[in-house]
Every structure is written in structure tokens, then in C-alpha cells.
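This report concerns only the one structure given below.
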Amino acid sequence: MDLSSIINELGEDRSLYFNTVAPPIAQASNFAFDKVADMEKVFADELSGYVYSRGRNPTIDILRKKLAALDGAEDCLVLNSGAAAIFAGVLPFVSSGDHIVSVKEPYSWARKLFDLILPRFGITTTYVDGGTIDSWKSATQGNTKFYYLESPNSWNYAIQPIGEVATFAKSRGIVTMIDNSYCTPLYQPVISMGIDLAMQTATKYIGGHSDTLGGVLTGSHALIKKIFDTEFLAIGSGLQPFNAWLLLRGLRTLPLRLQRVEASTQTVLAFLKQHPRVKNLLFPFDPTFPQHELARKQMKAALGLITIELDVPDRESVVRFCEALKHILMAVSWGGHESLVIPKCAGIPAADFDVSNPEHRWVRLYVGLEEPDYIINDLKQAFEAI
């Protein structure tokens with residue numbers, strides 16, 4: 001299906017809900033049956049029908065169909081957050097004594113899963129640079145059951161050779177999962193590259209308005225059903241109907257917003273590259289990026305996030321720059337309408353700050369939907385403050 005059909009039509013039967021243009025919110029906890037046999041059938045396979053909104057819900061199902069189609073996947077589950085999607089996506093495929101290989105700097109809550117929770121159950125994780133297939137092969141053990149990728153990640157935009165990793169994993173019977181939040185399936189179709197499970201934080205570009213959370217898992221029907229029948233239902237972290245409706249609303253404008261962010265990012269990038277207070281910057285499609293060639297090969301576009309290394313003498317200068325911004329907000333996440341910054345040093349104890357360490361002087365910028373000059377002028381005056 002083409003993109004417009006997926007976003008505007010797939011999963012929607014307006015004749016069922018009074019021909020309203022926007023789908024209704026099925027704000028219901030449970031669903032009634034006329035026949036005992038019908039109830040018995042759904043009890044036997046809850047993914048086959050509606051019984052309780054912890055499992056399936058009509059509003060959420062419309063969103064599931066659209067998100068699966070965007071990824072070119074057979075099926076989809078939507079959870080209350082990206083972290084919930086990571087937990088539900090990993091846990092059904094590992095058991096005590098198993099081993100995981102993960103990129104070395106995954107999203108913080110993936111790292112907590114691998115470092116704090118899974119070791120309690122005898123599951124170990126090896127972290128790899130992941131930039132070449134050899135690093136994955138070298139880390140793989142006889143008990144390796146799961147590969148966790150994040151390409152690009154959200155600070156230094158490290159990239160993995162997705163197709164090569166997926167092909168090797170399949171040859172060893174290893175399940176692969178990737179955090180595709182940076183690109184979305186519009187700019188990086190990871191399922192077609194051979195990945196088993198694609199995860200996105202719907203909070204970001206899919207929602208697009210910083211007003212709801214969500215996490216997406218797409219993959220084959222068999223894998224999605226395995227997740228649904230185990231951790232998904234047991235944890236009870238499925239998305240709520242109203243949040244699904246908000247994500248449907250965000251999805252309508254996703255292509256336009258991504259195009260706008262992509263164009264504005266290029267304008268802001270050009271400004272930052274010539275500013276004397278920017279010692280270095282990281283952006284996957286910039287020719288200076290270490291993995292520029294691989295980024296161009298795998299990604300249709302790079303957008304939104306730019307990490308800048310400030311040329312400053314101390315932590316106080318980084319703080320002064322961020323706090324001097326008048327319009328760009330200081331906050332976590334990205335993908336909404338508003339531009340954001342987050343300084344790396346906010347997560348580093350002040351006593352441990354090392355000005356000689358470039359990462360300690362990093363500030364990540366998210367370019368939102370404002371006019372590019374509006375963003376640039378705010379950055380100019382903040383640079384002047386240091």
C-alpha cells in the first residue's frame with residue numbers, strides 16, 4: 001500500500017462508526033458476548049478477538065494495522081512507552097542461561113534491563129561497538145539467543161550494518177531487535193533488511209506533539225503473538241485507547257513533519273558548522289561523520305538530532321549556554337513540535353566533569369517545527385552568553 005492509503009484509510013471502516021472522519025475512542029475495559037461459544041473461542045486465543053482492553057481494543061487495532069503496514073511487517077503491538085516495548089520485546093525470547101549481544105550504548109532503559117534485571121535470572125549481556133559484522137560474530141556464544149541493535153543511537157549516532165547482522169543472526173537462530181526511533185520506518189525500513197522485531201518510541205515522531213507516550217513493536221505474526229501471549233498480557237503494559245487516538249492523530253501528519261524537520265535541520269546544521277563555539281559536531285549525513293557512507297547506504301534521510309561539542313573552558317559555560325536559550329527548551333526526548341536541548345553533563349556528577357573529555361561538553365539539539373531562523377537566532381544569543 002502507498003503511504004497515503006496507510007495513514008488515511010487502512011484499518012478504518014467509517015460505516016461502523018456513523019461515518020465520522022476521525023475514528024472514535026473505544027474507551028471500554030471489557031466487551032460483551034451473545035454466545036458462550038464466542039467467549040470460549042476468544043478465551044482460547046485472546047489475540048483473535050475482543051475480551052478485555054488489556055489485550056485488544058478497536059481504537060488500538062486501527063493504530064496497530066497502520067504501524068505494521070508502515071514497517072512492512074505482518075503484525076504490531078503498541079505499548080505504554082518505548083521502555084515497555086523493549087522489555088516486552090526481549091523477555092519472551094530469553095531464558096536462564098542465555099546470552100544477549102547488544103550495542104554498547106543503547107537507550108538507558110534497555111541498559112537497565114540488560115544490567116540490572118536480566119542478570120537476576122541468569123541472563124548475561126555482552127556489549128559491542130557493533131559497527132562491523134565482525135564485532136557481532138566475535139561476541140556471539142553458543143548460548144546467544146538475542147541481538148539488540150539501535151541504529152543510529154541518540155547521542156553519537158553509532159550505526160550498525162543492519163542487513164549483515166540480520167543475515168548472520170538468522171544463520172544462528174538468533175532473534176534480532178532494533179530500536180528504529182531515530183529514523184522511523186519511513187526513513188529506514190528495517191524489517192525489509194531482515195530484522196525480526198522493529199521497535200520505535202511512538203512518543204517521538206509518531207505522536208509528534210509531546211503529549212503522549214507509546215512504544216511500538218512490529219514483526220511477524222508468530223513473533224508478535226508469542227509476545228502478546230506472554231509478557232504483553234502478563235505485564236499489562238498495553239497502550240490505552242485515548243493514547244492510541246492521539247497517536248493516530250499524530251500519524252496523519254508524520255510525513256509532512258519529518259520533511260519539515262529534515263529541511264530545517266540542514267539549515268541549522270550549516271549555521272552550527274561555521275560557529276567558532278562549536279568545536280565539533282555529530283550528524284549522520286554530514287561528510288565528517290565517521291560512518292557517513294554506511295548512514296547514506298541504510299538511511300533515506302537523517303533528521304532532527306545534532307550533537308555539538310562546545311568549545312568552552314568549563315562546565316559552567318555549558319550550563320550558561322543551555323540556560324541562556326529563550327525559546328529552545330531544555331528537556332529529554334525529541335520528535336515533538338518544539339526544539340530541545342539536553343547537555344550531556346546533566347547526567348554526569350559535577351565532581352566528575354572533565355573538560356578535556358569531548359563528551360562532557362556535548363549538547364544534543366533537536367530541531368523542531370519552528371522557523372529555522374527562529375531556532376538559529378536563539379542559538380546565536382545563547383552562544384554570546386558564553
Side-chain angles (χ1 to χ4, degrees), residues 81-83 103-112 150 152-158 179 181-182 201 203-205 210 213 261 264-286 288-290 302-370 372 374-386:
S81 68
V103 289
K104 69 176 181 180
E105 294 182 11
Y107 174 55
S108 58
W109 288 101
R111 183 94 193 209
K112 289 181 188 297
E150 184 178 346
N153 76 13
S154 59
W155 268 100
N156 66 4
Y157 318 115
D179 183 339
S181 299
Y182 179 102
T201 304
T203 310
K204 297 175 171 61
Y205 287 122
S210 300
L213 301 180
V261 169
S264 295
T265 301
Q266 292 299 324
T267 303
V268 174
L269 182 72
F271 162 75
L272 291 171
K273 283 180 68 69
Q274 55 78 41
H275 200 283
R277 282 294 190 182
V278 177
K279 186 170 185 177
N280 189 23
L281 59 78
L282 294 171
F283 183 73
F285 272 24
D286 187 77
T288 64
F289 185 69
L303 66 160
L305 297 179
I306 306 168
T307 296
I308 58 176
E309 177 192 339
L310 293 178
D311 189 2
V312 292
D314 49 34
R315 184 180 187 275
E316 288 69 28
S317 298
V318 179
V319 171
R320 196 154 55 244
F321 169 76
C322 293
E323 294 181 354
L325 292 163
K326 296 179 179 179
H327 305 296
I328 301 171
L329 304 177
M330 185 161 45
V332 300
S333 196
W334 75 85
H337 53 84
E338 73 293 342
S339 293
L340 304 171
V341 296
I342 178 170
K344 187 82 169 184
C345 66
I348 302 169
D352 295 336
F353 183 86
D354 179 4
V355 73
S356 67
N357 186 336
E359 290 191 21
H360 290 205
R361 291 179 278 112
W362 279 1
V363 175
R364 190 187 72 189
L365 168 68
Y366 164 65
V367 178
L369 300 179
E370 306 94 337
Y374 182 83
I375 300 168
I376 289 170
N377 288 336
D378 199 18
L379 290 168
K380 282 181 180 178
Q381 64 85 26
F383 280 128
E384 290 171 2
I386 53 176

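Numbering of residues begins at 1 and proceeds along the displayed sequence.
Judged by distance alone, the side chain of His360 and the main-chain N or O of Phe353 form no donor-acceptor pair under 3.5 Å. A donor-acceptor pair is defined here as one N or O able to donate and one able to accept, closer than 3.5 Å; such a pair exists between the side chain of Gln381 and the backbone of Asp378. With hydrogens and angles disregarded, no donor-acceptor distance shorter than 3.5 Å links the side chain of Thr307 to the backbone of Arg364. Side chain of Ser181 to main chain of Thr201: a donor-acceptor pair is present (N/O by atom type, distance under 3.5 Å, no hydrogens or angles). Side-chain atoms of Tyr366 never come within 3.5 Å of backbone atoms of Ile342 as a donor-acceptor pair (strictly under, hydrogens ignored). Between the side chain of Ser317 and the backbone N or O of Val312 there is no donor-acceptor pair closer than 3.5 Å. A distance-only check finds a donor-acceptor pair linking the side chain of Glu150 to the backbone of Tyr107 [under 3.5 Å]. Remark: the backbone N or O of Ser339 is paired with a side-chain donor or acceptor of Glu370 at under 3.5 angstrom. In this structure, Arg361 contributes its side chain and Val355 its backbone to a donor-acceptor pair below 3.5 Å. For the pair Asn377 (side chain) and Lys380 (backbone), a donor-acceptor distance under 3.5 Å is absent.
In terms of heavy-atom proximity, Val367 sits nearest to Val261 at O-CG1, 3.4 Å.
Legend: side chain to side chain donor-acceptor pair (under 3.5 Å) pairs involving residues 266-278, not counting sequence neighbours, sorted by first then second residue: Lys273-Asp286.
Side-chain contact between Asn153 and Val103 is absent, with no heavy-atom pair separated by less than 4.5 Å.
Taking the six-membered ring where tryptophan is involved, the planes of Phe271 and Phe383 are tilted, since the angle between them lies from 30° to 60°.
Ring pair Phe283/Tyr157: centre-to-centre distance not below 6.0 Å.
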